[in-house]
Structure formats: structure tokens, C-alpha cells
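Residue numbering restarts at 1 for every chain, and letters A, B, ... go by the order of the sequence lines. These values consider heavy atoms only, across backbone and side chains, with no hydrogens, waters or symmetry-generated copies. Note that the coordinates shown come from a computational prediction; the quantities given were computed from them, not determined experimentally.
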There are 2 protein chains.
Amino acid sequence: MLEKTAKSWQDRRRESARQEILTAAWDAAREHGLGAITLRDVAERVGMRAPSLYWHFPSKMALYDAMFGQAWRSCLEVQTDLDTRLPASPRRALRMDARAFFDFCVQDPVRHQLMNQRSIPGFVPSAESYAPAVEVLERFRRLLARLGIADDAGVDLYTALLSGLIDQQLANDPGGDRWARLLDRAVDMWATEMNLPDDPERLTEEP
Amino acid sequence: MLEKTAKSWQDRRRESARQEILTAAWDAAREHGLGAITLRDVAERVGMRAPSLYWHFPSKMALYDAMFGQAWRSCLEVQTDLDTRLPASPRRALRMDARAFFDFCVQDPVRHQLMNQRSIPGFVPSAESYAPAVEVLERFRRLLARLGIADDAGVDLYTALLSGLIDQQLANDPGGDRWARLLDRAVDMWATEMNLPDDPERLTEEP
DNA sequence: GTCTATACACCGATAGAC
DNA sequence: GTCTATCGGTGTATAGAC
């Protein structure tokens, strides 16, 4: 059992090196733009030469892929941490959930670009890196199911609304709150469209 | 007077060359991705060498900028052409207007990426190229004003909703209609939020 | 005026020495 | 593991052909 999970000294050292490279890559992306990362720049930030990175990552795309997975795993963690703290009121729970996702995305524009836009030509996330993204959406579906909403089209409408607010905020008012302050109103508008009861604590009950 | 507007033979020839290069650039972008355009590829498509492009465009960014302006001018043309054909019913007018914009964006993913996402590191549209984009939004504000809506926050909510539907359609169901078929429902949801009357032909009249 | 040839610095990636 | 050396390809500047 231990042999399976325990990591050797080499493995941990290797993992730490990978992590250092990833951090440097995020820094480079935030400084010069996601699509403007260069391996020479990343290598210099960790005190290496560019070819040495190839021992840790098989290609530049693999580096992007690791960043993608890291971002979505971080997002999933934020969302699951929220599960225990959601209020009983459906609308208030929705508002808090939306706010958490909105803030997470707006907080790091470059991360959001990698997570939610296909802007790197030729980059396609691996199944492993994509898994936490699927899990985030699945978790949200379960939340809605608990609120009595199982309308798939309604969920699609919600994702469009939320991602639209995030994109507009980042594209047209970065650092501001012009769309951030519309979030509650948007969620309520959608909740009304979904026939979610207005305020009471209890969930809707189908006849 | 004629001297002012008429174009010399050289000007027209130059304009035609620029247009040929732009078309080749669009082709290259659709084939390899917007951010993966190379000047050598574009030049080859028009039967030139890469450095020759520099007589027509001062830089690669200027090429992107011309494409950006072309895309938004085309979008503005589609929208203004619509003005004369909008139905009297506010909701039906809104639905038709939204559909025209949605279709225009979804019809060409690469064009949409250039118009509405900041995915090319270092590219910032010039004031001249940005002007028709502003005009499209202004025209929409005027349309809403005619419908009795002057709520700026409401307009922001609308742009978020519409752009969100477009992005989701392109990102998660390219070539399909999973979000396209939600468009009317979304517009109606927003119209209700804006207290737009349900069906009658006449516009709302403020006291 | 319109384009080509040449050149340069930088890119991702590979081979092989240590 | 990390290095040096190197490859083909990139955007771009410039000199000069016609």
C-alpha cells in the first residue's frame, strides 16, 4: 500500500522542479501574454537553459496542458470548498456560487483565457487536464438538481449568462466592477426564468 | 471635387493588392488559427515574398488591425441593413436583431476571435479600426431607446448575455445549435427583466 | 513605386557530451 | 539532469533591382 502512494525522494524533487517551472510559466504569461510565453524566458526564470525544460515537459504544449489542468483543479477546489457553506435559500445559494466562480475567473485574466478560451493555436487539453473542468460543471448540475432544476437547456442558458458577464468584465472593464455588480441581478433574472421560488428556505416540491 | 474622391489608377491598384493580402490572411487564419498566421504563408498565397508585404502593411500587427476593422465594418453593415426591416413589435425586433448578430459571429469563428477576444499578444486595435465596433454598440443603444429602454446597466446585461451565448456555442458546440436555439428564450428573459411589454405592436409610452 | 535578396535576432525542438 | 551546439522557421529591417 505504502509503495503505491508514497513518493520517493527523486519523485518529490522532480515534482517540485515541475512546480517551479509552472510558476515561472504563469509569471511569464501574466507579464507578456499567454500566447507570448517563450521557453527561453521560462527557463531563465528558474535558472535553467531552455532545452533543459524538455526533461520535465515533452513540449511547450505539454506545459500549457499542465497549466490548464492546474487552473481547473484549483477552480474545482474553490467550488467544492463552497459546498459546505452554501445557504439554504436557493437564490442565495445560487448567488454565492456564481459570485465564487465569477471572482475566481476575473481574479486572473490570463488563467481565465487559458481555461475558457481556445486562443492558443494547436492547443487541445488532454483528457486528464480536462477532467476537473467537467467535474466543475457536474458539481453545478448536482447543485441545481438539489434546487429542483433539471432543465438541461436552462443550465446551458446559465453557463452562457455567467461566462458572458465574466468575459465582458475582463474585456471591457478590466480591474473595474461594471459587470461584477450586475451578477446578482443576472442570477435572479435567470432564477425567475427557471421558476425558482423567490425567497423561502424550503425547496420547490413537484406534485 | 473629383480630385478629392476619385482614386487614381495607382490607388485602386494598391487598394486591390491590400484586399488580396487581407483575403489571403483570412484564409491562412481559418486554416492554421488566428495566432498562427505567418507572413511567409500569406505572401505565398498572393504570389509574393514575405518582405514585399511590408510595402502594403507596415507590420504584422497592422495586418491584424486591418482585418479587425474589416470585420467590424462588415458587422456594422449587416446591422444597419437590418434597421429598415425590423418589425414593429419590440420583442420581435429584439429577437431579429439578436439573431442577426449571433449568426454573424458564429458564422466565422476566427473572425469572432479577432473581433471579440484579445487573444493576440500585443495587438491593440487602432482608433480607426475600433470605430465601427463602437458604432455597432451605439446603433443598438439607439434601437433600445426607441423601444423605451435607456437603462445602461440593462444594456450591459444584454451584451453579456448575447456574447455569452455566442462564446458557448462556438467553444462547446461548434457547428451545432445547442446555444443558438436558446437565443429567443434568452432575449425574452432579458426583455421581461427590462419590463418590456409582452406582444403589442405599439411602443411603451412614458407618462 | 513595387518588389526581391539578404541578413539578423529570436523561436521551439533535437542530439549528444558530461 | 543539465549543458552546449545546432536545426529549420519566424517577424522584421534594409539595400537595391527594375
Side-chain angles (χ1 to χ4, degrees), chain A residues 7-29 31-68 114 119-124 126, chain B residues 6-29 31-68 114 119-126:
Chain A
K7 289 180 177 173
S8 69
W9 178 83
Q10 279 98 340
D11 281 350
R12 301 184 61 181
R13 172 123 183 76
R14 221 167 112 167
E15 192 61 34
S16 131
R18 267 181 66 100
Q19 188 49 56
E20 232 183 310
I21 292 167
L22 281 174
T23 302
W26 283 116
D27 289 344
E31 194 162 327
H32 300 115
L34 182 66
I37 294 179
T38 74
L39 295 185
R40 281 167 175 83
D41 181 21
V42 173
E44 193 175 4
R45 286 168 195 264
V46 295
M48 277 184 182
R49 303 291 181 168
S52 304
L53 297 179
Y54 281 80
W55 193 87
H56 300 276
F57 295 93
S59 74
K60 190 185 183 182
M61 287 303 166
L63 185 56
Y64 278 126
D65 192 56
M67 295 166 75
F68 182 91
L114 179 58
S119 62
I120 307 293
F123 169 62
V124 183
S126 65
Chain B
K7 289 178 178 174
S8 68
W9 178 82
Q10 278 98 339
D11 281 349
R12 300 185 63 182
R13 168 121 186 80
R14 216 167 117 168
E15 193 60 35
S16 130
R18 267 180 67 100
Q19 187 50 55
E20 233 184 309
I21 292 168
L22 281 173
T23 303
W26 283 114
D27 289 344
E31 194 162 327
H32 300 115
L34 182 66
I37 295 179
T38 73
L39 295 185
R40 282 168 175 82
D41 180 20
V42 173
E44 193 175 6
R45 287 169 194 262
V46 296
M48 278 183 184
R49 305 291 179 169
S52 305
L53 297 179
Y54 278 79
W55 191 86
H56 301 277
F57 296 93
S59 73
K60 190 184 183 183
M61 287 303 167
L63 185 56
Y64 278 126
D65 192 56
M67 295 166 75
F68 182 92
L114 179 58
S119 61
I120 307 293
F123 170 62
V124 182
S126 64

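- You'll find the side chain of L39(B) stays beyond 4.5 Å of the side chain of F57(B), heavy atoms only.
- Among all heavy-atom pairs drawn from V46(B) and A24(B), the shortest one is CG1-CB, 3.6 Å.
- Side-chain proximity of R40(B) to dA5(D), dG11(D), dT2(D): nearest is dG11(D).
- Taking atom CE on M48(B) and atom C1' on dA5(C), their separation rounds to 16 Å, with Å as the unit.
- Nearest nucleotide to the side chain of P51(B), out of dT4(D), dA13(D), dT2(D): dA13(D).
- Looking at heavy atoms from C-beta onward, Y64(B) lies in side-chain contact with I37(B) at the 4.5 angstrom threshold.
- The side chain of S52(A) contributes an N or O atom lying less than 4.0 Å from OP1 or OP2 of dC3(D).
- Within residues 53-64 of chain B, the residues having any heavy atom closer than 4.0 Å to DNA chain C are, in order of number, W55(B), H56(B).
- Across all strands shown, T38(A) has heavy atoms under 4.0 Å from sugar-phosphate atoms exclusively, and none from any base.
- Here dT2(D) presents its P atom at 14 Å from CZ of R18(A), a figure rounded to the nearest Å.
- Rounded to an integer number of Å, the gap from CZ of R13(B) to P of dG1(C) is 15 Å.
- With rounding to whole Å, D41(B) atom CG is found 15 Å from dT12(D) atom P.
- When rounded to the nearest whole Å, the span between CD1 of I120(B) and C1' of dG11(D) equals 14 Å.
- In this structure a side-chain-to-backbone donor-acceptor pair under 3.5 Å is missing from D65(B) to P125(B).
- Contact check, R49(B) against dA5(C): a side-chain N or O comes under 4.0 Å of OP1 or OP2.
- Heavy-atom neighbours of Q19(A) CD from other residues, nucleotides or ligands within 6.0 Å: above the threshold of 12.
- Looking only at side-chain heavy atoms (C-beta outward), E20(B) and H56(B) stay at 4.5 Å or farther from each other.
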